[in-house]
Each structure stands twice: as C-alpha cells, then as structure tokens.
Amino acid sequence: MTIRNTLRDYGQRYRPRMACLKKAEKVLLEMQDPKTGVKSQPQRLVITTIPHAITGEDIIAWLADRFQIDTQEARKFGSMLVALGYIYPLQDHKRLVVKPDASLYRFQTPYFWPTQQWPVEDTDYAIYLAKRNIRKKGILELHEQEQYNRLHKWMNHKWDFIVMQAKEQYRAAKERKKPDRVVFDCQERAYWVVHRPPPGTVSAMDYGLDRRVDPNADEAKTHDFYERIMIFTQQSIMRPRVKSSVSIGALVKYCATYNSHDPFLSKCLPSNPWLTDDVTYWTLNMPNVEIPTKMRVERWTFSFGELLSDPRGRDDFRLFLKKEFSGENLAFWESCEDLKWGTAATMREKAEQIYKTFLARGAPRWINIDGKTMEITVNGLKHPHRYVLDAAQTHIYMLMKKDSYGRYLKSPVFKDTLKKAICPEEHKFTDAQLDQNAKNRRPSLSPIILRQQEQEQRAKMAASATVDITQLCRFTTPVPHLAVYSGITDYPSANASPSLPFLTHTPACPSPISVALDSTSASERRAETSEGEGEGNPQTRAPIGGNVSKPRMAFSLRRLLKRGCTPSTMFASLSPKCPSAAGTSSRIQPISPDQPTQAPPRRIGNFFQIKVDIPPECRIYPIESEDEEEENRAASRSGVGAKEIICPWESLTPQNGMG
Amino acid sequence: MNRWRRSVDELAARRRQQRKCERAQEALSRVTSCFQQLATSLGSSADSGFLRDEMDKTRALAHRLCSGLSHHLVRLLSDCASVPSGVGNRQVLERLWVLFLSVTENFLSDLRKTSDLIGQFPLTQHGRPSLVKTGCIDGMVGVAARVTSVQVPWLTLEEEPSPDLTNHITGLEAMLSEMQLRVPVAFWSVESTQPAWAEAHGEQTEPEHSLEELMEVEVVSNKMAACCQPPCCSCMG
C-alpha cells in the first residue's frame, strides 16, 4: 500500500476561516486576569500617565509559562497576537511583532478586535482617513494619500457623509479626557495598521477564499445534519479495508522516505522563505526551472506519481520518452488530464481531438491499449463526459509506470539530470540581515500572468509537436510526403484496393502540408469496383468550399504514383482553394456512394520525423448520429469484407455533391 | 391667483421641510458618532452600567431621528416625483437621501458590533469574562453630555417606546430595504459638494498636538523607574 503525495493533486482545499480568532480571544481574556494575567504597568508620558501598559518580555514570559513552550515559540505566538490586532505596540507602531525587551504594548479594545462575520468596511477607512486629514492638516503618508484619492473617486456619492461623519467623530472624541483620547487615537491607528497595512508588509488577515460554512458556528442538529452523518458512515463502511499493520507500515515507510524532504522536520535548503524572507528556495524550485535541485530529483525516484506531478520531472520524462519514441503515452495521459480538469464547454472538442490523435485507427500518435479497454473507451466516446477516458488513462499510466519509469531511472537522461542538479548552500542570516530581508519583501508574479505563460508554453509545445513516425500507417496524412521524400513504392496489396483516408485540415492553416491535406480531403473517393473504369472519366467534382470538415474519401497512392504526377500538384489541383481545378484534373473518379471500402491499416517503417503544424485531424469522427452509424455498418457489411473491428462511426459516408 | 399662491405656499412648506431634514441629518450624524465613541469602550476597563445606559439613551434618540427622517424624506421625494418642477430641488433631496442611507448603514454596522460585544461581555453575570485592560478609565461623561445637547427638530406627539437592540437592528434593516424599494434614487449620480482634501483646511481652532508628540515618553523617569523596578513593582502595577 502506498500513500499518494497530495501536494499537487489539484484537489479541493479547504481554506479554513480564521478559527484562530476565537482561540486568540480566549487567550486574551486569560491575560486580563488580575491575579494570573500579565503584569501591567503605567506608561508615563509627557502630559499624563496611562495605565495598563505591558512589556514585551512580560507577554513572552506569560505565554511561555501558560502553554509550557520555550521562549522562541512564545515570541512567535506573541507576534501572532500582535499581528492579528489583539495587542498593539506603543512604540514603533507599524511593526507588528513582539520584542523580547522592555518595549511597551497595550491590549486592544474589543470594539477593534478582528471579527470574521463583519468585514472591515472601506467607508470606515475613508472616515478614518478624513479624520487624520483634519488632524494632520493634509499631511498623510504616501499609501494613505493614494487610498484617500482612490476612495474619494469611488465613494464620491458618499463623500459628503464621510466628511460630515469624520468631523462629528473628531468632535465627539474631543469630549473625552486627555489620556483617554490618546488611548483611543492609538487604538484606532493600530486597528487600521492591521486592516489596511502599508504596502510591502504581510497582513495576518489574509485568509484566502471564504468557506461557505463558518467553522466557528455551531451546526444545527436538523434532520439534514443527521442524514449527512448517516450517508458518510455508510460510505465509510463500504470502503475497502486494510489491515492496520499494512496501513501503519505504509505510514512508517512514507515518513521514513519523506522525512528529509519535509520543511518542518528538516532544514530547507538554502533557507525557508517563510522564516528568513529570502526567496531563493522558491526561485530554485520553480516549475520550469532549467536545473533542478538535488532534493527535487531525489523525490522523483520515490514513485512514478511524484515524477509526473512535478512539472520539471514530467519534462525530463517527456524528453526520455521522446528519445525512446514512445512519447505518445505521456501525451495521451496529459490530454486525459486536460480533459478531466478542463472546462465543460471544451470537453466535446477535446474528446474528439484525443480520439483522433491517439485512439482512432490510423491515428498519428496511436497508443497501444488492449482491445477491451479500447472497446469500452470508444463506446463511451459516443457520449463523452469528463471521465470517459479514465480506463484508457489508467492503462497507459500503469504501462508507463511498470515499463518506462524503470528504464527512465536507469537512462542517461536521468543520470545527466542528476549529475547537473544543484545542492545550494545553507543561508546564515544575522538578525540585521533578516530585518533587511523583511523590508525587501516583494509580491511574486500574479497568478494570472503565470497562467498565461503556462498557456503560451503549452500552445507552443502543441504547435511544434513532432509526429512519431513509427506510429504512422498508410492512413496517416504525411504519407504523400513520405512518398515524395523517401520514395515508398511498395504497396503489396493484392486485391483490396488500398484506400487511404486522408486527414483533413481546417482551412485556417495555410501551410503547404495543410494545402495538401485539404486537397486530399477534397479529392474523390475511389471506389473499389470503379477502379477499372475510372481512367477515362473526366468528371471531377470540385468540392464545394465551406464544409471542409466533413468530406471523406479514399485515395489510392499507388494509382497516383502510377500516373506519374507529383502528389503535390495533384493535391493542389484538387484543393478547394483552387477553383479552377475542376476542369484540369481528369483522373479522379467521383465517389460511388454505395461502395465504401476500407482496407486494413498498414504500417510504414520510417525514421524521419516531419513537422506538422497542428496534429492532423483524422477524418474519423467518433461522435456521430445514430443513422450514420447504421448506414456505415450496412455499408461495411456489403463492402469488401475485411473482418475487422471497425468503429461504427469510422466510416466513409457517402457525400452527395461533396457538400 | 389662488393657485399661484397655493403653489408658493407649497414650495415654502417643502423648503421648510427640507431644512428640517438637513438639521435632522446633522443631528443624526452627531448622535451616531457619539454612539461609536461609547461603543469603543464596550468590554474594556471603562465598561460599566452607566456606559450601557448612555448607549441605550443614544440609541433611542437615534431611533427617533431615523424614523422621523425616513418618513419625511420618503414623503418629500415622492412629492418631488409628482411635481415636475424643481429639478435642482430634487438633486438636493437626492443628496439628503444618500446621506441618510449612508449614515443609517454606518449606524447599523455599529449596532451589530455592539450587540455582539454586549453578548460577549455581559456585566451582570458572576462568571463573566474579565474586562480588557485597555487603559481607558473615563466614564464618558463628556460624550454623554454631547448627546443630550442634540435636539430633535420635530415634535413627536406620541412617544413610541424605543426598541431594544435586536429589534432595533431588524427594524433598521427593514426600513432601509423598504426605503430603497419605495423611492428609486440612483445614488451614484450624486456628486459630493466637497472636493478632496478640503476638510484639512477647515477645522482647527486651537493648535493640536499630533499623536506622536502626545506619545512622547518621559525618558528620564523611565530610566529611573527601570533601575528601581524590582522593589517597587507593586506601586507601579
């Protein structure tokens, strides 16, 4: 039994709401106890004395004592309380940390405590800024000025209210006694430092997406609640069970393997960015970095899943597979992932694309799966959904895991990567340097930009995809060019006329290959029986422009070569783009609708790889209406009978007028 | 002649109403800001029965102002809608409307927070959570006085009893939604009369110390206090 790495499993992550707030409040209230709480002292100011000030070291000592933790952890805990806004510093009010010396802090009043249910309003912030403006006569900090202008613009309709309220609040505050005024001003200022932090600081209030349900709220025990518990228990019982020795063994093995890779349990090289504010670790471990770190490469050896889930590992594996000419497995697996996780709108096209590219008879990147799985998949593709390719994907995954993965780990590609992998030195920062790092914190690239880059890269890869020639068969599009370049003349078919369904191209790509493809798509289908009579018939049916995606035809390359014309001109003349072609080529027979033929696929061995602009689309469409399937089945039965598994919709539909 | 006279009277009456609304608006603003000042002491060392009473009184006053103001504004705006003249008047009324809604929303959020805090820090129980030592000790007398100085600009003949906190909240929410349904006012079309940064040059009568100056610590006494801290810890705590 193995334990999967859940790091990049794209699963739903609960972003727990800040359940810590309720807990922090409890701690805060405990600190208030006159006997067992934190010792407080008066703060002496020039004008007055204000009670209830506490020192940083007292806070830390109390926390360490109460929770039985060491000083460093108590210090971090105290800093968290300050960052959340429950305690505020009296000196250096912008840095929300607890200093382990005699610097003074004070408790925040409950009105200004962070709450979860009432979000912090911009209106209140605008009023605060207006008040500050009044007090400081227009001298605000830079980020406050920016915020002020922004709010003035967006809240213009409320602005009169804001100014009026600011003035009133200012006057109301003046009614209080001087020490209390000072305290209130400090409290308000601290509140806004927490909730509208100056740029470049980290806010403890960031908590990600909101959950639908408040984990702090008590759930009402309704009928629905109990029903959910029952369903959950039933499903738990139905799950397959494992002996505890086995599962514990798996846990132990997992811990032993991943121990040195866990950033909590062992050191993070060069340094943990969350602790030292130095992002070298993240830059060294970017998804598409050239040279990975040694730890990362070591992770790939743990399991196949690890290798695949790391983008850099996957790249390496892809390179290895390319050298072995079995890249289609990984490509198929990735396409299945794309289908599973993609948008619902694109699912149908994606499924079609995958079928044409990988599964269809004669597909350019045909994958080798067993007959039963193929049958299931092909049947499922009639009504495609997100998980229709699951069986095939699993098969290919296991294939790669059992076969290619082992070879990869012994391959020169992997050994090379391992040799080149870097092992960075550990950072040793002094306190001053840590402070400097904290000041220089910058936000990383926006995820929108990252996603765009990812998409560009994917498009580039798809565009430059090389077709694996060992997979080619006579059904494959580039064959005519092979015929041109490598001179294959051998078509050992005796009786059955080899009909080559050519792959169509969308009219949108005007490359020479695509022109050829178009032309082949436009060419007439040659019937088996009409072969003899065909020569003299001058009729050509030039295809009618629009519906390039639908025409199907068979073309005999041998016949083509016999006539001695170069394929390209022939194809060009048949191209729908060449309207004058109708008259010129006289050698193509019209399709006789009643005799579709289909010869068994043949494989051509060839070691050249040619570039195609876009993975060529097979003319075979899995998703068809029922009548066409029937038609085809009938046709194939009556046709020349090669008894093979023909996909019901993989047919040569009669085209009337090449519409 | 009579019709003209009547319309002038109507206009005059409407203008009087409008001025009353403006004064009520200012009063409401004052009351809500005082309420906020009082609310900041809830749960702290300055919390007391007196504070809670003052808050109730303030709330009652605000309630009277709110209900009266909403009533008048709705009537004025619906009248304005029927009378085709006075577009400028309508703009003023719309501004008042937006002001009123903003104040009420602000007040409502304060009320909600208050209700949470009162629930969290009940003063009467024995096993109550200890109050937070925030450094405030004032009884908020000044603020309370400010509240009582506010005058409601219209006389209410029958005094309806002021609602308790939860009912007040629900009542205000209902009132807000009802108002917005009844009179269609596009509040983004209201522009502020004040340019940005204008309030900075208004207020000051006496020179104000900035917070930093006020917070200046007595350096000398602290040093002395530090060295003789251990024995007289008790007198400082």
Side-chain angles (χ1 to χ4, degrees), chain A residues 28-29 32-34 39-47 50-53 90 102 106-112 115 118 121 123 130 133-138 148-149 152 156-161 163-173 175-177 179-180 182-187 189, chain B residues 26 29-30 33-34 36-37 39-45 95 98-99 102-103 106 109 112-113 116-117 120-121 129-138 140 142-143 145-146 187-188 190-194 196-197 199-204 208 210-211 214-218 221-222 226 236-237:
Chain A
L28 247 287
L29 291 173
Q32 307 305 321
D33 194 301
K39 290 195 291 291
S40 67
Q41 62 197 53
Q43 178 200 18
R44 291 184 193 288
L45 300 181
V46 175
I47 40 166
I50 306 180
H52 302 151
L90 297 175
R106 196 171 274 134
F107 295 112
Q108 179 69 282
T109 180
Y111 182 80
F112 284 135
T115 53
W118 311 126
E121 299 271 357
T123 319
N133 199 19
I134 294 172
R135 195 203 185 106
K136 298 192 110 183
K137 300 194 195 49
Y148 184 99
N149 289 330
H152 177 80
N156 201 277
H157 58 280
K158 277 189 182 178
W159 199 255
D160 287 344
F161 150 69
V163 170
M164 182 161 66
Q165 196 75 7
K167 287 186 185 156
E168 287 299 333
Q169 283 189 4
Y170 184 70
R171 288 182 207 136
E175 298 291 333
R176 299 183 71 174
K177 294 212 187 79
D180 285 350
V182 173
V183 170
F184 175 72
D185 286 336
C186 289
Q187 287 171 348
R189 185 177 63 174
Chain B
E26 288 166 23
S29 200
R30 184 166 306 174
S33 18
C34 291
Q36 198 221 16
Q37 269 296 316
T40 54
S41 296
L42 275 177
S44 73
S45 43
R95 175 167 291 120
V98 169
L99 281 183
S102 319
V103 172
N106 205 23
S109 72
R112 288 188 185 122
K113 249 189 189 167
D116 283 342
L117 287 176
Q120 203 176 357
F121 292 98
S130 26
L131 299 171
V132 181
K133 295 195 275 233
T134 54
C136 291
I137 39 180
D138 190 26
M140 297 279 205
V143 182
R146 193 176 169 81
F187 43 82
W188 52 85
V190 173
E191 283 178 18
S192 77
T193 52
Q194 312 233 7
W197 308 98
E199 66 277 5
H201 311 295
E203 272 295 301
Q204 309 301 12
E208 266 297 323
S210 69
L211 193 56
L214 288 173
M215 292 279 289
E216 242 177 60
V217 184
E218 283 182 5
S221 66
N222 252 8
M236 295 234 285

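Below, chain A is the first sequence line, B the second, and so on; all start at residue 1.
- Of all non-hydrogen atoms in B/Ser41 and A/Arg176, the two that sit nearest each other are OG-NH2, 3.7 Å.
- Listed for the A/Gln32 side chain is a donor-acceptor partner under 3.5 Å among the backbone atoms of B/Lys133.
- Counted by atom type alone, A/Glu168 and B/Ser29 present zero donor-acceptor pairs between their side chains at under 3.5 Å.
- Of all non-hydrogen atoms in A/Tyr111 and B/Leu117, the two that sit nearest each other are CA-CD1, 3.6 Å.
- B/Gly135 and A/Val183 get closest at one heavy-atom pair: O-CG2, 4.0 Å.
- There is no contact between A/Pro179 and chain B, counting heavy-atom distances below 4.5 Å.
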Take A/Phe161 and B/Val98 through the test side-chain contact (heavy atoms from CB on, under 4.5 Å) and record every step on the way to the result. CA-CA 8 Å; A/Phe161 150 69; B/Val98 169; over 6 Å; no

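- The shortest non-hydrogen separation linking B/Gln37 to A/Ala173 is NE2-CB, 3.6 Å.
- In this structure, OG1 in B/Thr134 is found 5.5 Å from CD in A/Gln187, a value given to the nearest 0.5 Å.
- In this model, a donor atom of one side chain and an acceptor atom of the other lie less than 3.5 Å apart for A/Gln169 and B/Gln36.
- Separating the OG atom in B/Ser109 from the CD atom in A/Glu121 is a distance of 6.0 Å, to the nearest 0.5 Å.
- Looking only at side-chain heavy atoms (C-beta outward), B/Thr40 and A/Phe112 come within less than 4.5 Å of each other.
- Here B/Arg112 is the residue among B/Glu191, B/Arg112, B/Arg95 with the most heavy-atom pairs under 4.5 Å with chain A.
- Put simply, of B/Ser44, B/Cys136, B/Gly43, the one with the most heavy-atom pairs under 4.5 Å next to chain A is B/Cys136.
- The CD atom of B/Gln120 sits 7.0 Å away from the CG atom of A/Leu29 when rounded to the nearest 0.5 Å.
- A/His152 is linked by a ring-ring contact (aromatic ring centres under 6.0 Å, His included) to A/Trp159, counting only residues two or more places apart in sequence or in another chain.
- Ranked by heavy-atom pairs shorter than 4.5 Å toward chain B, the options A/Thr123, A/Asn149, A/Asp33, A/Leu28 are led by A/Asn149.
- Taking CG of A/Asp160 as the start and CG of B/Leu99 as the end, the distance is 5.5 Å to the nearest 0.5 Å.
- Contacts of A/Phe184 classified as ring-ring contact (aromatic ring centres under 6.0 Å, His included), with partners at least two apart in sequence or in another chain: none.
- In terms of heavy atoms, B/Trp197 sits closest to A/Tyr148 at N-OH, 2.9 Å.
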